[in-house]
Amino acid sequence: MKTKIRANWSHAVLVCKKCSKKLTKKDLGFGPDDKPLAKALRAELGAGKTRKAKVGVIEVPCLDICPKGGVVVIDSRRPEEWRILSPDAPFANEVESLR
């Protein structure tokens, strides 16, 4: 059995799944198609769930810090800086900071 597996990820982006889902149910999605945040990030970053993607976008259980109308995102390159994204913010600007 293998003990190590190689991945092509340069970094991972963690997204609060619960709060993203809540906003989508209220018709407040992200990106041009109003998708859940993780799906919108995967589309914009060329990312995915598999280890062969450039960047990993992972939905995690509730982080217990999301404000009303926002979703917490953690970039693994800067784990000390948790970001809050809201559906009304310019999505393209937010994505650039996660590239």
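FYI, side chains are in, hydrogens and waters are out, and symmetry mates aren't considered; it's all heavy atoms of this structure.
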(request) Identify the two heavy atoms, one from Ala40 and one from Gly31, that lie closest to each other, and give their separation to 0.1 Å. (result) CB-N, 4.4 Å
(message) Could you measure the distance from the CG atom of Leu98 to the NE2 atom of His11? Nearest 0.5 Å is fine.
(response) 6.5 Å
(request) Quick one: closest heavy-atom pair of Val72 and Cys66, and the distance? (result) N-SG, 3.3 Å
(message) For a quick test of reading the model, state the closest non-hydrogen atom pair linking Gly70 to Leu23 and the distance between them.
(response) N-CD1, 4.1 Å
(message) Please find the pair of heavy atoms, one from Ile74 and one from Pro79, that lie closest to each other, and give the distance.
(response) CG2-CA, 4.3 Å
(message) As an exercise, state the distance from CZ of Arg42 to CG of Leu37, rounded to the nearest 0.5 Å.
(response) 9.5 Å
(message) Once side chain to side chain donor-acceptor pair (under 3.5 Å) is applied, do any residues pair with Asn8, and if so which ones, sequence neighbours excluded?
(response) Arg6
(request) Answer whether the closest heavy-atom distance between the side chains of Pro67 and Ile84 falls below 4.5 Å. (result) yes
(message) Suppose we screen for side chain to side chain donor-acceptor pair (under 3.5 Å). Which residues come up paired with Glu81, at least two apart in sequence or across chains?
(response) none
(message) Donor-acceptor pair, distance only, cut-off 3.5 Å: does the side chain of Thr24 make one with the backbone of Ser20?
(response) yes
(message) Measuring from atom CG of Leu85 to atom SG of Cys19, what distance do you get when rounded to the nearest 0.5 angstrom?
(response) 12.0 Å
(message) Would Val15 and Leu41 count as a side chain to side chain contact (heavy atoms under 4.5 Å, CB included) here? Give the steps.
(response) CA-CA 10 Å; Val15 177; Leu41 286 174; 3.8 Å; yes
(message) Could you see if Ile58 belongs to whatever hydrophobic cluster contains Val95? Use Ile, Leu, Val, Met, Phe, Trp, Tyr and a side-chain cutoff under 4.5 Å.
(response) no
(request) Please report the shortest heavy-atom distance between Gly69 and Pro87, naming the atom on each side. (result) O-CD, 3.4 Å
(message) What I'd like to find out is whether the side chain of Asp34 reaches to under 4.5 Å of the side chain of Leu28, using heavy atoms alone.
(response) no
(request) First locate atom NZ of Lys54, then atom CH2 of Trp9, and finally report the distance between them rounded to the nearest 0.5 Å. (result) 15.0 Å
(request) Take Phe91 and Glu44 through the side chain to side chain contact (heavy atoms under 4.5 Å, CB included) test and state the conclusion after the steps. (result) CA-CA 10 Å; Phe91 189 67; Glu44 290 294 319; 3.4 Å; yes
(request) Measure from the side-chain N and O atoms of Trp82 to the backbone N and O of Asp75, and report whether any donor-acceptor pair falls under 3.5 Å. (result) no
(request) For the pair Lys21 and Glu59, find out whether any cationic side-chain nitrogen is under 4.0 Å from an anionic carboxylate oxygen. (result) no
(request) Output the distance between atom NZ (Lys17) and atom NZ (Lys22), rounded to the nearest 0.5 Å. (result) 14.5 Å
(request) Could you pull out the closest heavy-atom pair between Ser97 and Arg78, with the gap in Å? (result) O-NH2, 3.1 Å
(message) Going by the rule side chain to side chain donor-acceptor pair (under 3.5 Å), which residues pair with Asp88 if we only count those two or more places apart in sequence or in a different chain?
(response) Ser86
(message) Can you confirm whether Arg83 sits close enough to Glu94 that some side-chain heavy atom of one is under 4.5 Å from a side-chain heavy atom of the other?
(response) yes
(request) Could you check if a side-chain atom of Val73 sits within less than 4.5 angstrom of a side-chain atom of Leu14, using non-hydrogen atoms only? (result) no
